[in-house]
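Numbers here simply count residues along the sequence, with the first being 1.
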Amino acid sequence: MSELVLALIAGGVVGLALGALGGGGSVLAVPALIYLLGFTPAAATTAALLIVVATSLTALYGHALAGNVRWRTGALFAAAGLLPAAVAGALAGRLPQPLLTAAFAAVAAAAAVRMLRPARHLPAGPHGARPARAAGAGAGLGALTGLLGVGGGFLAVPALVTVLAFEMQAAIGTSLLVISANSLASLATRGATTAGVDWTVIAPFTGAAILGAWDGKRLATKVSGTRLQRTFAVVLLAVAAFMLADALT
């Protein structure tokens, strides 16, 4: 099967997950780029950041029109993650490839376990009441985005809900602003790996992901969110196990 066809299929699946679940798509993008399209782990995390930026900005536009983005608070949350994202992005290319793969597998497994746990419904409350915790969460998310090329929606949304007491739609919309800012900061320090990205693969992958996200939104209206999350989590656990075994062997 040609690289173009594989890129379109993988991009469509990533977009479908992103549209249906509001996050998690980039966690599938990295293993797809490595094992289906032959990218090195460092190049895959860089390419995933490019995909995350394009899909997140597209989704951010839609949420902004719907009034779901808290721009001021989101900018402050994102600001705490910009430096960690840039530093982690610069370090990513210097780490041993098996270590990068193992770290990504651990994050993917953690995301899957979180999706399998029952959702916590917290009441909305005053925003910005815990600035230290908000800064810590923003910095941690930025470092994760920079190092592993994941958008971190599966971490940003619960952080905004639990730390800043956002309601869910506002958390999802604002997380897209945070993810976009962190991804751009990380890309700015990845000069070598950015230059080596194969645009003939990434462009169709990204286009398919954006289109797949719209189908994912429609799917989410027909299938229960719990069933979608559990199915995605099982797939993610299998991918994480495979990547960990590959890193160790």
Side-chain angles (χ1 to χ4, degrees), residues 3 6-19 21 23-59 81 85-86 88-93 95 97 99-112 141-156 175-176 178-210 212-213 232 235-236 239-240 242-243 246-247:
E3 278 195 346
L6 285 173
L8 290 171
I9 293 173
V13 171
V14 166
L16 196 68
L18 181 65
L21 301 172
S26 60
V27 184
L28 285 180
V30 171
L33 290 165
I34 294 173
Y35 298 108
L36 293 180
L37 298 167
F39 282 56
T40 65
T45 55
T46 300
L49 284 170
L50 292 167
I51 295 164
V52 166
V53 167
T55 53
S56 295
L57 287 175
T58 301
L91 291 176
L95 293 176
Q97 301 297 301
L99 177 60
L100 204 59
T101 301
F104 187 91
V107 170
L141 179 64
L144 188 70
T145 300
L147 187 64
L148 301 179
V150 296
F154 62 93
L155 295 176
S175 75
L176 291 166
V178 177
I179 290 164
S180 299
N182 286 341
S183 299
L184 286 169
S186 177
L187 281 171
T189 61
R190 285 178 174 242
T193 50
T194 303
V197 167
D198 186 353
W199 288 101
T200 62
V201 173
I202 296 306
F205 193 116
T206 305
I210 292 172
F232 182 76
V235 172
L236 204 53
V239 170
F242 177 81
M243 293 185 74
D246 180 57

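Taking CD1 of I179 as the start and OG of S56 as the end, the distance is 5.0 Å to the nearest 0.5 Å.
Remark: V201 pairs with E3, A7, L37, F39, D198 by the side chain to side chain contact (heavy atoms under 4.5 Å, CB included) rule, at least two apart or across chains. Shown here are the side chain to side chain contact (heavy atoms under 4.5 Å, CB included) partners of F242, two or more places apart in sequence or in another chain: Y35. Looking at residues two or more places apart in sequence or on another chain, you find no side chain to side chain donor-acceptor pair (under 3.5 Å) involving T40.
Within the 4.5 Å cutoff, the side chain of F205 has heavy atoms near those of the I51 side chain. Within the 4.5 Å cutoff, no side-chain heavy atoms of S180 are placed close to those of V53. Side-chain atoms of L95 and L147, non-hydrogen and from C-beta on, do get closer than 4.5 Å to each other. Residues L236 and L28 are in side-chain contact: their nearest non-hydrogen atoms beyond the backbone lie under 4.5 Å apart. In this structure, the side chains of L144 and V107 come closer than 4.5 Å at one or more pairs of heavy atoms.
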Residue pair W199, T206: steps toward the side chain to side chain contact (heavy atoms under 4.5 Å, CB included) verdict: CA-CA 10 Å; W199 288 101; T206 305; over 6 Å; no

T46/L187 under side chain to side chain contact (heavy atoms under 4.5 Å, CB included): CA gap, chis, key distance, verdict: CA-CA 7 Å; T46 300; L187 281 171; 4.1 Å; yes

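No donor-acceptor pair closer than 3.5 Å links the side chain of S186 to the backbone N or O of N182.
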